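So the structure is just underneath, and the comments pick up after that.
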Amino acid sequence: MHNGVMKAWLESSHLAGANATYVEELYELYLSDPDLVSEEWKQVFEGLPKPSQEVVEQPHSRVREYFRRLAKEAKHYNVQVSDPDVDAKQVKVLQLINAYRFRGHEAAQLDPLGLWQRPHVAELDPAFHNLTDDDLEESFNVGSFAIGKDTMPLKDIYSSLKQIYCGSVGAEYMHIIDTEQKRWIQQRLESVVGQPKFTSEEKQSFLEELTAAEGLERYLGAKFPGAKRFSLEGGDALIPMTKELIRHAGKSGMREVVIGMAHRGRLNMLVNVLGKKPQDLFDEFAGKHDESWGTGDVKYHQGFSADFATPGGDVHLVLAFNPSHLEIVNPVVIGSVRARQDRLGDSEGNTVLPITIHGDSAIAGQGVVAETFNMSLARGYKVGGTVRIVVNNQVGFTTSNPSDTRSTMYCTDIAKMVQAPIFHVNADDPEAVAFVTRIALDYRNEFKRDVVIDLVCYRRHGHNEADEPNATQPLMYQKIKKHPTPRKIYADVLIDRGDFGIESTTQYVNEYRDALDHGEVVVKEWRPMTLHSVDWSPYIGHDWDTDWDSHYDKDRLVELGHRICQHPESHKLQSRVNKLYNDRTAMLKGEKAIDWGMAETLAYGTLVDDGKRIRISGQDAGRGTFFHRHSVLHNQTDASTYIPLENVHDKQGPFEVFDSVLSEEAVLAFEYGYATAEPGGLTIWEAQFGDFANGAQVVIDQFISSGEQKWARLCGLTMLLPHGYEGQGPEHSSARLERYLQLCAEQNMQVVVPSTPAQVYHMIRRQVVRPMRRPLIVMSPKSLLRHPLCTSTIEELAEGTFQSAIGELDNLDPANVKRVVLCSGKVYFDLLEQRRSNEQDDVVIIRVEQLYPYPLEDVKAIISQYTNLEDAVWCQEEPQNQGAWYSSQHNFRASIPAGMELKYAGRPASASPAVGYMSVHLKQQKALVEAALNVNKKTSD
């Protein structure tokens with residue numbers, strides 16, 4: 001506290017004048033960032049009385065009063081007087097530095113075309129801070145300005161600030177709360193004064209990579225004129241940027257890099273980063289394709305895998321397959337990365353790097369981006385940070401005005417929701433691009449958080465090569481036609497510097513064109529793929545009827561059951577949970593029948609016992625949406641948690657259950673990505689209500705139902721979708737069974753409606769034990785979780801198997817049977833109870849437990865024992881235009897004897913999935929059950 005400035009104020013008694021203004025300004029600086037003032041001043045301000053939580057700002061009157069009191073006590077100090085005017089100027093200099101840190105990006109030279117209309121930022125002018133030309137030669141303390149000096153003339157400070165913050169890089173990071181992170185970024189940016197140093201070899205690489213980026217696009221344009229390729233031209237710097245990220249990742253110890261991007265520049269990425277053979281790409285343009293698997297997809301949706309040599313060792317690269325839905329691949333990539341990290345035992349994110357590449361309009365416009373940012377630090381979804389690159393061509397699709405695409409200054413402002421630093425960079429300056437690329441990755445590795453690079457570029461052609469961009473962007477495209485390419489600009493810079501001769505730059509162009517003509521790999525870092533992260537070969541070539549061993553030793557099953565019902569005595573359970581676990585113990589002793597939750601838990605226990613990994617997520621996954629699972633036990637004394645399935649034995653497989661963020665789209669996409677990278681275990685997503693899954697319809701349509709046919713991507717994801725009509729209204733009844741059945745073809749997925757605990761037990765085990773890996777869609781129940789008739793025995797679990805169809809259970813004489821009722825799910829128990837109440841013996845009820853792939857032979861075999869049938873009925877709870885009726889009636893007709901009439905019993909067609917009034921629901925339910933059972937009652941077809 002005894003530096004010159006402090007002593008001056010302790011001696012002075014004129015604190016209400018200019019000196020008080022100085023203190024207030026210093027205090028304002030302290031409030032914006034405590035590290036901007038000296039340590040002595042920081043101690044003084046920290047000593048001020050702390051405001052209450054409701055007070056946003058410390059009243060300045062407290063500051064003035066504090067210093068008046070100190071002034072009265074000044075006689076107790078041996079003080080030296082300093083010039084208040086000089087001290088006030090010092091504060092202004094620090095404020096100028098701070099202004100550039102906050103707002104310098106607004107004056108940065110980011111637009112390669114020079115078209116941006118940027119308002120003047122007054123705070124960046126020394127005059128705004130009352131600093132005059134006379135002050136330019138004066139030296140001032142630079143505070144925390146990481147320039148490598150304690151003091152500098154103002155003119156040098158000002159010049160350095162402009163070089164650092166207003167050149168080709170515009171940095172936004174002062175929105176970050178954590179001071180350590182801000183200081184780290186300041187050190188990296190300010191220490192080089194906007195002039196990063198690169199070796200001759202590095203500059204050569206940047207030029208060669210720009211040459212490759214430009215060369216491929218020109219080659220394709222000449223060889224396949226007019227063909228869609230979604231050219232990268234204008235954003236060519238993406239190629240050296242991505243390769244620099246990979247090289248730097250390898251140096252930092254990364255073993256895998258997973259990239260997600262939309263179609264713009266994908267072909268360039270495939271050839272010039274991942275090492276796809278140009279000839280293979282040319283064949284695709286020419287219409288040649290591999291007919292060995294599926295229906296395929298367009299070339300600019302394709303993924304790829306390769307190994308890439310870096311100074312730190314080979315890195316395995318993956319470019320994720322992607323549909324035209326631009327941003328949906330982001331959570332898929334991050335889910336895949338999490339699976340790879342889990343397999344490597346990496347909880348910090350040190351081994352696998354996710355890179356997501358966005359469009360400027362898409363990152364601002366699509367909600368899944370915000371959902372994915374929100375997941376970035378959540379326990380079940382974090383991956384140690386993602387490097388997010390925006391290829392900002394300033395037009396998005398065809399929109400001519402950025403104000404039509406967003407409500408913020410930058411398309412990247414969405415990233416501020418998680419305090420991610422944002423580095424805007426002019427794509428025509430490849431050295432600045434490489435500079436921020438290294439900073440971005442180092443920040444990610446240091447702080448394990450997301451980071452954004454906004455690559456400000458342009459799009460040389462239209463949205464696709466057949467578009468005419470002048471129609472919507474006339475001024476921009478007049479400028480683009482005259483603008484030299486990034487390769488030409490950088491080559492000229494290197495020639496002017498004397499780094500390279502014109503002959504060398506021309507040689508690179510010719511060599512790359514020759515390499516394309518040759519058709520082989522053009523990436524010098526490419527290596528034959530040896531770093532496979534997982535072996536998929538055991539799961540290829542299997543269908544749903546592949547044999548699997550469903551049996552499990554009964555004694556071992558009971559033993560496991562007791563283990564997963566145990567918890568420490570000190571772990572006090574809530575009363576209902578305690579009863580549930582006591583009941584489960586009774587089930588193992590044979591004192592109670594096995595219910596749904598116990599059967600599900602036992603299935604998980606057998607899988608982890610065999611070393612399989614289980615991952616479950618959903619908005620209430622830990623306890624189960626309907627209070628039935630309770631895999632996570634919460635101590636009522638101290639709120640600690642205990643998970644019995646994590647504590648089966650030392651050599652068990654991992655069991656993880658996460659209550660997800662409140663999202664369907666991003667979370668389901670994440671889990672799909674996880675399952676595509678982890679075939680050996682069980683990955684489950686549980687919807688809170690099945691209806692809510694339609695918030696993730698893009699994931700279901702573009703990935704889950706068609707990923708195998710389009711991209712040969714196998715996936716064993718399981719979706720548990722609560723489904724059943726209990727009078728709870730439209731959004732709490734239907735999992736939209738009809739939508740999944742409509743998407744079913746080519747054995748692409750399984751749609752199952754289990755009706756007993758034993759069925760759910762075997763269904764879960766089958767998904768892992770059987771080697772087939774295809775999505776499993778489960779219409780899981782609500783009321784059946786505690787239905788008195790919905791029970792099983794321990795023997796049915798240990799010795800049984802999954803039944804795709806279940807025949808009549810009551811002892812009815814087949815000769816008396818006139819009608820067969822086919823149904824699925826909860827309605828079976830309504831039919832059973834009503835038939836028993838009616839004392840009917842002329843109707844049998846058959847449950848179709850697997851609606852797709854349809855078990856035709858199994859159903860036909862069950863029906864064949866009834867030789868006196870007159871008709872058949874399909875009974876469902878859903879409205880006639882929903883449920884299984886329209887999608888599957890051809891299968892039901894094929895199951896019954898030829899010529900027999902198939903009738904419908906169910907709710908009438910409806911625009912809404914269910915009624916909202918309990919009285920109407922009950923009336924409808926009673927009517928459909930009666931129609932199904934009454935042989936003489938007319939039913940509708």
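Predicted model only: the values in this text are computed from it and were never measured.
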Do you know which two heavy atoms are closest between [X] and [Y], and how far apart they sit?
X	Y	value
Glu665	Val699	O-CG2, 3.6 Å
Thr625	Ala687	OG1-O, 3.7 Å
Pro644	Ser631	CD-O, 3.5 Å

Please determine whether a side-chain nitrogen of the Lys or Arg among [X] and [Y] lies less than 4.0 Å from a carboxylate oxygen of the Asp or Glu.
X	Y	answer
Asp595	Arg786	no
Asp842	Arg819	no
Lys554	Glu795	yes
Arg836	Glu833	no

Check whether the side chains of [X] and [Y] place a donor and an acceptor atom closer than 3.5 Å, and report yes or no.
X	Y	result
Glu600	Tyr604	yes
Thr606	Arg765	yes
Arg847	Ser755	yes
Gln834	Asn838	yes
Gln728	His921	no
Ser617	Glu671	yes
Tyr854	Ser895	yes
Glu664	Gln619	yes
Ser783	Glu726	yes
Asp620	Gln688	yes
Gln742	Ser887	no
Gln750	Gln767	yes
Ser734	Gln882	no
Gln709	Asn748	no
Arg907	Gln925	yes
His562	Arg584	no

Distance under 6.0 Å and angle within 45° of the ring axis: does Arg615 meet both against Phe658? no
**Message:** Both conditions, 6.0 Å and 45 degrees, for the charged tip of Arg576 above the ring of Phe627: are they met here?
**Reply:** yes
Any side-chain heavy atom of Leu682 sitting closer than 4.5 Å to one from Thr718? yes
Can you say whether the rings of Phe692 and His732 are parallel (under 30°), tilted (30 to 60°) or perpendicular (over 60°)? perpendicular
Classify the ring geometry between Phe703 and Tyr672 as parallel (under 30°), tilted (30 to 60°) or perpendicular (over 60°). tilted
The complete set of ring-ring contact (aromatic ring centres under 6.0 Å, His included) pairs with one or both residues in residues 783-835, sequence neighbours excluded, reads His787-Phe829
_Using a 6.0 Å cut-off, check whether atom CD of Gln697 has over 12 heavy atoms from anything other than its own residue._
yes
Asp543, CG: over 12 other non-hydrogen atoms inside 6.0 angstrom
yes
Please tabulate, one pair per line, all N/O donor-acceptor pairs under 3.5 Å involving side-chain atoms of residues 856-865, not counting sequence neighbours.
{"residue": "Asp858", "atom": "OD2", "partner": "Ser804", "partner atom": "OG", "Å": "2.6"}
{"residue": "Ser864", "atom": "OG", "partner": "Ala861", "partner atom": "O", "Å": "2.7"}
{"residue": "Gln865", "atom": "NE2", "partner": "Ile862", "partner atom": "O", "Å": "3.0"}

- Taking Arg835 for its side chain and Val843 for its backbone only, find out whether a donor-acceptor pair lies under 3.5 Å. yes
Check your understanding: Is the Tyr904-Trp874 ring centre distance short of 6.0 angstrom?
Key -> no
Open item on the list: Between Phe626 and Trp596 (judged by ring centroids, cut-off 6.0 Å), do the two rings come close enough to count as a pair?
Closed with: no
- Working for side-chain hydrogen bond (donor to acceptor under 3.5 Å, both in side chains), residues Glu878 and His723: CA-CA 10 Å; Glu878 301 88 356; His723 176 87; 2.6 Å; yes
